[in-house]
Amino acid sequence: MIKAVLFDLDGTLIFAEKAIIKGIQKCFMMHNLCQPEEEMIRGTIGLSMVEAFSVLRFPDPEEGANLYREFFLEQPEDISINPESFELLDILVQKNIQVGIVTNRRSAKRLIDRLPFPVSFDVVIDLSLGIQPKPSPEGVWYALAHLKISPQEALFVGDTHYDIIAGKSAGVGVVGYTQGMHGEDILKEFRPDWMIDSLDEILIILDSA
């Protein structure tokens, strides 16, 4: 029986792509560096900020990540909640299913508190806890321990192959969401247990699990 559904944040519950791209480009501009193309930045979304700046060849990836966090933390007006999440989260809570977030953001809790989500999350796991970023399963394991459930009692929903790898490594049921950063063609290569085009399909999965 599924007792909890864990979600990735960016590209799954929220859409912040434009804000992330704008912030990273500003970091390059502040260092008088050539700004990477949007498509190149888009390919790094889902990684931790340090890893993203490393892939984008920022001279000091740690410094770039810190600069981004200090000056370009996205404002709520730059971010939209995935409209599919509102009804789904309400229904999950009504069914007494715990809901949580596992993200590669470092300060997710602060951002979530400023967004009008319809429910309170039972657990929010971000990199401020000192865990390894996805695709490491450490964040998923941390969430399971906090919720006091086994891997067999949880689903993890994400939109990138980093999410798929993390969930499968953690032993939970893995749901690939095709409307985020990585589409169906990429996700299916990593063999999630389910593929969905809409978040409300999670309810069908729960009925059959």
Side-chain angles (χ1 to χ4, degrees), residues 1-17 42-49 51-52 82 84-85 88-89 91-93 95 97-106 108-109 112 117 119 121-209:
M1 179 180 175
I2 299 300
K3 296 182 178 179
V5 179
L6 305 173
F7 295 91
D8 170 55
L9 188 57
D10 291 280
T12 303
L13 290 183
I14 67 172
F15 297 128
E17 178 182 328
R42 193 173 288 110
T44 69
I45 295 177
L47 295 171
S48 70
M49 272 297 157
E51 290 173 314
N82 184 343
E84 297 175 359
S85 69
L88 173 64
L89 291 170
I91 293 174
L92 292 177
V93 170
K95 288 178 173 287
I97 293 175
Q98 299 180 96
V99 292
I101 290 173
V102 180
T103 176
N104 277 355
R105 283 179 175 266
R106 186 170 298 275
K109 294 178 183 178
I112 290 165
F117 279 106
V119 301
F121 293 96
D122 296 288
V123 63
V124 176
I125 304 300
D126 62 21
L127 299 189
S128 69
L129 297 170
I131 61 171
Q132 292 298 308
K134 294 174 290 183
S136 166
E138 193 171 340
V140 179
W141 284 334
Y142 202 111
L144 297 177
H146 179 88
L147 298 175
K148 297 181 171 59
I149 59 173
S150 69
Q152 294 73 31
E153 295 173 316
L155 297 179
F156 182 47
V157 185
D159 68 304
T160 73
H161 71 278
Y162 309 114
D163 300 314
I164 307 304
I165 295 170
K168 289 177 76 73
S169 298
V172 300
V174 180
V175 182
Y177 178 57
T178 64
Q179 302 306 302
M181 289 306 305
H182 294 175
E184 180 178 355
D185 289 344
I186 294 177
L187 294 180
K188 69 182 180 182
E189 293 180 16
F190 294 85
R191 300 183 179 182
D193 299 296
W194 298 273
M195 295 269 287
I196 61 172
D197 299 319
S198 175
L199 290 182
D200 60 13
E201 294 177 58
I202 292 170
L203 299 175
I204 300 173
I205 295 171
L206 291 174
D207 287 340
S208 63

Specify the closest pair of heavy atoms between [X] and [Y], including all atoms of both residues, with the distance to one decimal.
| X | Y | answer |
| --- | --- | --- |
| Leu9 | Ala108 | CD2-CB, 4.2 Å |
| Ser150 | Leu144 | O-CD2, 4.1 Å |
| Ala143 | Leu6 | CB-CD1, 3.9 Å |
| Trp194 | Leu155 | CZ3-CD2, 3.5 Å |
| Gly176 | Pro192 | N-CB, 3.8 Å |
| Met195 | Glu201 | O-OE1, 4.2 Å |

Hey, what's the ring geometry for Phe190 with His161, parallel, tilted or perpendicular (30° and 60° as the breaks)?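 Geometry flag for His161 against Phe190: parallel rings.
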Distance-only side-chain donor-acceptor flag, Glu84 / Tyr177, under 3.5 Å: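 Yes, because at least one side-chain N or O of Glu84 sits under 3.5 Å from a partner of the opposite role on Tyr177.
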Can you sort out the partners of Phe15 under ring pair (Phe, Tyr, Trp, His ring centres under 6.0 Å), two or more places apart, ordered by chain and number?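 Per chain and number, Phe15 pairs via ring pair (Phe, Tyr, Trp, His ring centres under 6.0 Å) with no residue.
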Going through the distances and angles, do Thr12 and Asn82 end up as a side chain to side chain contact (heavy atoms under 4.5 Å, CB included)? CA-CA 7 Å; Thr12 303; Asn82 184 343; over 6 Å; no
Is the closest side-chain heavy-atom distance between Gln152 and Val172 below 4.5 Å?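 Gln152 does not reach Val172 side chain to side chain.
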For a 4.5 angstrom cut-off between non-hydrogen side-chain atoms, does Thr160 reach Ile164?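 Answer no - side chains too far apart.
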Roughly how far apart are [X] [atom1] and [Y] [atom2], rounded to 0.5 Å?
| X | Y | atom1 | atom2 | result |
| --- | --- | --- | --- | --- |
| Ile97 | Leu89 | CD1 | CG | 11.5 Å |
| Leu199 | Gln179 | CG | CD | 9.0 Å |
| Leu88 | Asp200 | CG | CG | 7.5 Å |
| Asp8 | Arg105 | CG | CZ | 10.0 Å |

Under the criterion side chain to side chain contact (heavy atoms under 4.5 Å, CB included), I'd like the reasoning laid out for Val123 against Val102: C-alpha separation, chi angles, the key distance, then a yes or no. CA-CA 8 Å; Val123 63; Val102 180; over 6 Å; no
Determine whether Asp126 and Lys109 satisfy the following criterion, salt bridge (Lys or Arg N to Asp or Glu O under 4.0 Å), listing intermediate values before the conclusion. CA-CA 8 Å; Asp126 62 21; Lys109 294 178 183 178; 5.5 Å; no
I'd like to check the side-chain hydrogen bond (donor to acceptor under 3.5 Å, both in side chains) partners of Ser48; sequence neighbours left out, ordered by chain and number.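 With neighbours one apart ignored, the set is Glu51.
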Basic-acidic side-chain contact under 4.0 Å: Lys134, Asp163: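 Salt bridge between Lys134 and Asp163, a charged N being under 4.0 Å from a carboxylate O: yes.
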Can you establish whether the number of heavy atoms outside Tyr142 located under 6.0 Å from its atom OH is more than 12?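 No - once you tally the heavy atoms of other residues, nucleotides and ligands closer than 6.0 Å, there are 12 at most.
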Can you tell me if Arg191 has over 12 outside heavy atoms packed within less than 6.0 Å of its CZ?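 At most 12 heavy atoms, drawn from other residues, nucleotides or ligands, come within 6.0 Å of this atom.
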Met181 vs Arg42, side chain to side chain contact (heavy atoms under 4.5 Å, CB included): CA-CA, chis, key distance, verdict: CA-CA 8 Å; Met181 289 306 305; Arg42 193 173 288 110; 2.8 Å; yes
Just do the side chain to side chain contact (heavy atoms under 4.5 Å, CB included) check on Phe7 and Asp159 with the steps written out, would you? CA-CA 9 Å; Phe7 295 91; Asp159 68 304; over 6 Å; no
